[in-house]
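Just below is one structure, and these are the notes that go with it.
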There are 2 protein chains.
Amino acid sequence: MAGGRQREFSQQKALESAMQVFWKKGFVGASLTDLTTSMGINKPSMYSAFGNKEQLFVKATQYYIDRYASPPFDLLSGDEPIKQRVARYLRSVISSQCHSDKPKGCYISLCVAESEGEQFPESAAEIVEQANHFGENALTDFFRTEQSSGNLAAGTSAEKLGRYFIAFLHGTSSLARGGRSEDELLALVNIAVEAIV
Amino acid sequence: MAGGRQREFSQQKALESAMQVFWKKGFVGASLTDLTTSMGINKPSMYSAFGNKEQLFVKATQYYIDRYASPPFDLLSGDEPIKQRVARYLRSVISSQCHSDKPKGCYISLCVAESEGEQFPESAAEIVEQANHFGENALTDFFRTEQSSGNLAAGTSAEKLGRYFIAFLHGTSSLARGGRSEDELLALVNIAVEAIV
DNA sequence: TTTTTAATGTACCGATCGGTATGATTGATG
DNA sequence: CATCAATCATACCGATCGGTACATTAAAAA
């Protein structure tokens, strides 16, 4: 009961392409021509597969969260000293922000910058805010757990520490976007992790 | 030899209004209708006074640099201990990023995010890059001077420290844009200044 | 007062925006 | 093979984009 012509493109690959266009140009700056050209499909195909520009953006953002933003958190686990694990996590994120064959900086950080404009759809702002709080909560929970394990002094605030490192990574994202080299940013990790006491 | 009708609006006030629109919506997201409505003038008046959208943006950015970004650097001077002066500077910038009757975050930081898109004019990208390096150099020079005055250990790198605090402020800018409160961000200053040894 | 110069308001320009109607093409289903 | 549902390519929609032509208005210069 479900006949018809088969889709000639991979939805996942098209989503990856669209995500990179949004990553580079932002939601407003990415035109449908930019998007469909990069995706290698026509406008009707995009509309039939993803709905509209807003829904395409939401799906692309979710794809980024799953594929790029979430995996580094696994690097926080392990038997090494806490500073070493945090440094490993920070370096991984920074390297991702500086990757030469991707747009520079953090996709989510760029969305935050753009989310204040009225042209930015509400559903997009919601998922961006959700992604932002997810990252901060993940770090905060991590420090809370480490604190109860005795790896972090009881006097320090896990919330503050989580917020501090999220701020640090938003900062490196902006500097990466501005053209600073990966080495210049990786060198800051040693300074940042000294906040853990 | 210079007759003619007088301009009925203040160029400075119009520039301030335009700057706030760019600050909120970005270069691409701010339409001429948005801009001229906020400036309280018509399109021909804007074109005659500022040239075009690109030149208006460049002048608005320069206005932000002179009026908002530069003054806080003066807070680095004084007889107090270096950590205290740096903390004072950081708190001033963060307060500015969280001011309730202005767009949240740092105008320059938002421009950096947008500057990768092709719709962002080259002259605008140049002044943004220039502003970015100015801030980083100002901090680096500050730490170098403090180092030669003996207020900073000889082993630490002034460049790294300058870059670190610029990253920190870009980070708080992003968090402010994302809705974090001024108090939440000010609380991070105590952590950050401990990088000074 | 007359002349000249510039700013203003309106109405408009071609180009591009996000989004769609339509018909040809494809291929699984009966 | 014939049917039918879904995708494809093209061409187009109204709205908005940045930018301007033109006539009017105001004020300085003569």
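Because only heavy atoms are used, hydrogens play no part in the values below, and waters and symmetry mates are left out as well, while side chains stay in. Quick note on labels: first sequence line is chain A, next is B, and so on, each numbered from 1.
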Exercise. Roughly, in whole Å, what's the span from CD in A:Gln55 to C1' in C:dG18?
Worked result: 13 Å
Problem set entry | Among A:Tyr89, A:Tyr68, A:Phe165, the one residue meeting ring pair (Phe, Tyr, Trp, His ring centres under 6.0 Å) with A:Phe73 | A:Tyr89
Problem set entry | Rounded distance in Å - CD (B:Gln11) to C1' (C:dT8) | 15 Å
Problem set entry | Side-chain N,O (A:Arg7) to OP1/OP2 (D:dT7) below 4.0 Å | yes
Exercise. Which of the following nucleotides, D:dG18, C:dT20, C:dT26, is nearest to the side chain of A:Arg5?
Worked result: C:dT26
For this session: Could you tell me whether the phosphate oxygens of D:dA9, OP1 or OP2, come under 4.0 Å of any side-chain nitrogen or oxygen in A:Asn42?
Result: yes
For this session: Using whole Å, report how far CG of A:Leu56 lies from C1' of C:dG19.
Result: 14 Å
For this session: Taking only Lys NZ, Arg NE, NH1 and NH2, and the carboxylate oxygens of Asp or Glu, determine whether A:Lys83 and A:Glu80 approach each other closer than 4.0 Å.
Result: no
For this session: Output the single nucleotide from D:dG19, D:dC8, C:dG18 whose closest atom is nearest the side chain of B:Leu32.
Result: D:dG19
For this session: Taking only the side-chain nitrogens and oxygens of B:Gln6, find out if one of them lies under 4.0 Å from OP1 or OP2 of C:dA6.
Result: no
Exercise. Which whole-number value in Å describes the distance from B:Tyr47 OH to C:dC12 P?
Worked result: 19 Å
For this session: Inspect the surroundings of NZ in A:Lys104 and state if more than 12 heavy atoms from other residues, nucleotides or ligands are less than 6.0 Å away.
Result: yes
Exercise. Between B:Ser45 and C:dA7, is there a side-chain N or O to OP1/OP2 distance below 4.0 Å?
Worked result: no
Seminar exercise, completed: B:Asp34 CG to D:dT16 P, in whole Å, measures 12 Å
Exercise. Is it the case that more than 12 heavy atoms not belonging to B:Asp101 sit under 6.0 Å from its CG atom?
Worked result: yes
For this session: Starting from C1' on C:dT16, measure out to NZ on A:Lys43 and report it in whole angstrom.
Result: 9 Å
For this session: Provide, to the nearest angstrom, the distance between the CD1 atom belonging to B:Ile41 and the P atom belonging to C:dA7.
Result: 11 Å
Problem set entry | From A:Glu118, A:Glu116, A:Glu114, residue fulfilling salt bridge (Lys or Arg N to Asp or Glu O under 4.0 Å) relative to B:Lys24 | A:Glu118
Exercise. A:Gln119 CD to D:dA15 C1': how many Å, rounded?
Worked result: 13 Å
Exercise. Between the side-chain atoms of A:Lys53 and the base atoms of C:dG18, is any donor-acceptor pair under 3.5 Å?
Worked result: no
